[in-house]
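A short write-up of the structure that comes next.
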2 protein chains.
Amino acid sequence: MSLPEKTVERLSEYRRTLLDCLNQGKSHIFSHELAALLHNTAVQVRRDMMLMGFTSMQRKGYAIKELIEAIGELIDTSEGLNVAVIGVGNLGRAITGYFQGKRSKLNIVATFDIDPEKIGRMIAGVKCYSLDDFPKLVGDLQISIAILTVPPEHARNIADFVASSGIKGIQNFTTAPLNMPPHVYLEEYDMITSLEKIAYFVKNHQG
Amino acid sequence: MSLPEKTVERLSEYRRTLLDCLNQGKSHIFSHELAALLHNTAVQVRRDMMLMGFTSMQRKGYAIKELIEAIGELIDTSEGLNVAVIGVGNLGRAITGYFQGKRSKLNIVATFDIDPEKIGRMIAGVKCYSLDDFPKLVGDLQISIAILTVPPEHARNIADFVASSGIKGIQNFTTAPLNMPPHVYLEEYDMITSLEKIAYFVKNHQG
DNA sequence: GATGTAATGTTATATTAATAACAATGTTTA
DNA sequence: TAAACATTGTTATTAATATAACATTACATC
C-alpha cells in the first residue's frame with residue numbers, strides 16, 4: 001500500500017532536482033539524466049517511478065512538470081502541513097531560519113520554549129510561545145509535526161507531552177532515544193552518532 | 001572485516017547510554033536492560049556484541065566499563081579526530097556550539113568561511129579562517145573530517161575543493177547531493193527530505 | 001547432586017533494499 | 001521496410017539488515 005521509506009526519501013530529492021530542471025527550461029528528463037544529477041543509478045530511478053506508478057512518455061523521458069505534481073500528490077497535503085519547533089536553542093533557531101521560505105507546503109508556524117526571556121519574542125519571523133500553551137496551539141494553528149531541539153535530559157518528558165497533544169509526527173534532534181506510541185511517526189537524527197560513524201569508517205579507511 | 005553501518009551507529013548510541021549507567025554506579029548490564037534504554041531489542045544488542053566480538057560475564061551481563069572501552073577502541077583513534085565546519089551560517093554556528101565539550105575524541109578545531117566579516121572571528125570558541133587557507137590548515141591542524149554547511153549552490157565546488165585537500169570524511173548538511181571519490185567517506189543528511197518523509201507517513205497515517 | 005531457570009552466543013529465517021537482467025516498444029537510419 | 005538502437009517497465013537476483021529460534025552454560029534451589 002505505502003511506499004518504501006527509501007523511495008519516499010528519494011522522491012523528495014527528485015522533486016527538488018526536478019524543480020531546478022524546470023527552471024532551466026527542460027520539459028522532459030531521462031532516467032539516466034536524473035540519476036546523474038543525484039548520486040544513484042538509472043535503474044533506481046525507474047524502479048521508484050514504477051513504485052509510485054508514474055510512467056514516461058515513450059522515448060522522450062519523464063515529463064518534469066507532471067512528475068513534480070505527482071510527487072506532490074504523494075507527499076504534500078492540499079492544505080499544507082504545519083510544523084512547530086520545540087526548544088529555541090542554537091539548533092532550534094538555525095532550523096527555524098533554515099526553513100523560512102524554503103518549501104511552501106511545510107511551514108514552521110510556531111516555536112516553543114520554557115525560558116521567559118524567549119517567550120513572546122520572534123525567532124526568524126516565527127513567534128515563540130510558552131510550552132504550556134502547546135496543547136491549545138496545536139489545535140489553533142493546526143500543528144501536526146514537531147521538531148524537537150531541547151536539552152537531552154528533558155527530551156523524553158517533553159516528547160511525551162508533545163505526543164499526547166495530538167501531534168502526528170516528531171523529528172527528534174536530541175541524543176535521547178524516544179519511545180513513541182504507534183500513531184506518532186518518529187524520525188530520529190543524532191549528529192554525534194552520525195559523526196562517530198564517519199570516524200569509524202575513516203579510521204578503517206574504506207570509502 | 002568491518003562492521004555493518006547500522007551496527008556502528010548503534011555502538012555509538014550504546015556507548016552514550018552506557019556512560020550514563022556508569023555514572024549511576026552500575027557496573028554490569030543485561031542485553032534486555034540496554035535494549036530497554038534504547039528503543040530496540042535484546043537480540044539486536046546481543047548480535048551487535050557478537051559482531052564486535054565482545055562477550056559478557058556469564059549471568060552478570062556485560063561489564064559496562066570494559067564495553068565502553070571496547071567501543072572506544074573501534075570508533076576512536078588514540079590521538080582523537082579533528083573536525084572542521086565549512087560555512088558559518090546559522091547551522092554551522094549551531095553545530096559548532098553543540099559539539100563544544102561534548103565528546104573528547106572528536107574536536108571541532110576550526111571553522112571556515114569566505115565572508116571577510118566572519119574570518120578572524122571566534123565562533124563558539126573556535127576560530128574562523130578563510131576558506132582559501134583550508135589546504136594549508138588541514139595539515140597544520142590535522143583535520144580529517146569536514147562538516148559542510150554552506151549554501152547549496154556552492155556545495156559541490158566547495159566539497160570538491162575540500163576533498164582534494166586530503167580530507168577523509170565529509171558530513172554534508174546541504175541539500176545538494178555530492179559525488180565524492182571513493183577514499184572520502186560521505187554521509188549526507190537532508191533536513192527537508194527528512195521532514196517531507198515524515199509528512200508522507202503522517203499523511204498515510206501509519207506509524 | 002539433580003532440576004529449573006535466566007541469560008547468552010550463534011545459526012537460521014524473514015524482511016527490506018539495491019542491483020542486475022531482459023523483453024517490449026517505439027525511433028532513427030539505412 | 002528492416003536493422004540497429006535507446007529507453008523503458010518489470011521480474012529476478014543479490015546484498016544488507018532485522019528478527020526469530022534454539023542449544024548451551026552456569027548459577028540457584030531443592
Side-chain angles (χ1 to χ4, degrees), chain A residues 1-14 26-64 66-67 70 177 185-188 193 197 200-201 204 206-207, chain B residues 1-14 18 21 26-64 66-67 70 177 179 182 185-188 193 197 200-201 204 206-207:
Chain A
M1 176 68 241
S2 77
L3 297 169
E5 287 205 18
K6 299 289 177 185
T7 294
V8 175
E9 286 180 20
R10 281 189 299 265
L11 292 185
S12 161
E13 285 158 18
Y14 293 159
K26 266 179 95 78
S27 73
H28 291 75
I29 193 166
F30 294 122
S31 59
H32 63 265
E33 288 180 300
L34 186 52
L37 290 172
L38 300 144
H39 40 296
N40 63 5
T41 66
V43 195
Q44 182 80 82
V45 170
R46 292 207 303 274
R47 205 161 200 298
D48 288 334
M49 292 305 107
M50 184 198 119
L51 287 171
M52 69 180 283
F54 192 84
T55 70
S56 74
M57 309 218 59
Q58 273 287 9
R59 282 252 132 178
K60 293 234 172 69
Y62 300 93
I64 293 177
E66 283 76 3
L67 181 48
Y185 185 84
L186 176 64
E187 174 81 8
E188 309 206 85
T193 287
K197 179 173 148 193
Y200 172 84
F201 285 107
N204 298 46
Q206 60 133 255
Chain B
M1 176 67 241
S2 77
L3 297 170
E5 287 205 18
K6 298 289 178 186
T7 295
V8 174
E9 285 179 21
R10 282 189 298 268
L11 292 186
S12 162
E13 285 157 18
Y14 294 159
L18 289 167
C21 294
K26 268 179 95 77
S27 73
H28 291 74
I29 192 165
F30 294 123
S31 58
H32 63 266
E33 289 178 300
L34 185 51
L37 290 173
L38 300 145
H39 40 295
N40 62 3
T41 66
V43 196
Q44 182 80 82
V45 171
R46 293 207 301 275
R47 205 158 201 302
D48 288 335
M49 294 302 108
M50 184 198 118
L51 287 171
M52 69 181 282
F54 192 83
T55 71
S56 75
M57 308 219 59
Q58 273 286 8
R59 284 251 130 176
K60 293 230 172 70
Y62 300 92
I64 293 176
E66 282 77 2
L67 182 48
N179 239 319
Y185 184 85
L186 175 65
E187 174 82 7
E188 310 206 83
T193 287
K197 179 174 148 192
Y200 173 83
F201 285 107
N204 298 46
Q206 59 132 257

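Throughout, protein chains are lettered first and strands after them, A, B, ... in sequence-line order, and every chain is numbered starting at 1. In this text, all values refer to a predicted model and were calculated from it rather than measured experimentally.
Annotation for B:F201 and A:S2: closest pair CE2-OG, 4.3 Å, computed over non-hydrogen atoms. Taking both residues in full, the closest heavy atoms of B:E188 and B:P177 are given as OE1-CA, 3.8 Å, listed atom of the first, atom of the second, then distance. Minimum interatomic distance between A:V8 and B:K197 (heavy atoms only, all atoms of both residues): CG1-CA, 3.9 Å. B:A63 and B:F54 make their closest contact through O-CZ, 4.0 Å (heavy atoms, listed as atom of the first residue, atom of the second, distance).
Put simply, CE on A:M49 is 17 Å from P on D:dT11, counting in whole angstrom units. With rounding to whole Å, B:N40 atom CG is found 13 Å from D:dA20 atom P. The interatomic distance linking B:R47 (CZ) with C:dG9 (P) rounds to 13 Å, in whole Å. Atom CG in A:L51 sits about 10 Å away from atom P in C:dA17, given to the nearest Å. One can place CD of B:E9 at 14 Å from C1' of D:dA18, the figure rounded to the nearest angstrom. Following rounding to the nearest Å, B:Q44 (CD) and D:dT17 (P) show an atom-to-atom distance of 11 Å. The NE2 atom of B:H39 sits 12 Å away from the P atom of D:dA18 (whole-angstrom rounding). D:dG9 atom C1' lies 15 Å from atom CE of A:M52, rounded to whole Å.
One finds the CZ atom of B:R10 at 10.0 Å from the CG atom of B:L38 (value rounded to the nearest 0.5 Å). Taken from CD1 in A:I29 to CG in A:L67, the straight-line distance is 9.0 Å, to the nearest 0.5 Å. Interatomic distance, B:Q44 CD to B:H39 NE2, rounded to the nearest 0.5 Å: 11.0 Å. Expressed to the nearest 0.5 Å, how far CG of B:L11 lies from OG1 of A:T193 amounts to 10.0 Å.
B:E33 places a side-chain N or O within donor-acceptor distance of the main-chain N or O of B:F30, the cut-off being under 3.5 Å.
For the OP1/OP2 pair of C:dA18 and a distance below 4.0 Å, the side-chain nitrogens and oxygens of A:T41 include no atom meeting the criterion.
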### Message
Across nucleotides 21-30 of chain D, 5' to 3', mark each nucleotide with B, S or - according to how protein heavy atoms within less than 4.0 Å reach it.
### Response
----SSS---

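Near DNA chain D, defined here as any heavy-atom distance below 4.0 Å, there are no residues from residues 28-38 of chain B.
For the helix from C:dG1-D:dC30 to C:dA30-D:dT1, the end axes, each set by the C1' atoms of five terminal pairs, are bent relative to each other by 10° (nearest 10°).
At least one side-chain heavy atom of B:Y14 sits under 4.5 Å from a side-chain heavy atom of B:D48. Between A:L3 and B:Y200, some side-chain heavy-atom pair lies under the 4.5 Å cut-off.
Among the protein residues, A:T55 comes within range of the sugar-phosphate backbone only, with heavy atoms under 4.0 Å from sugar or phosphate atoms but none that close to a base.
Between A:K6 and B:M50, the residue anchored closer to the 5' end of DNA chain C is B:M50, taking for each the nucleotide with the nearest heavy atom.
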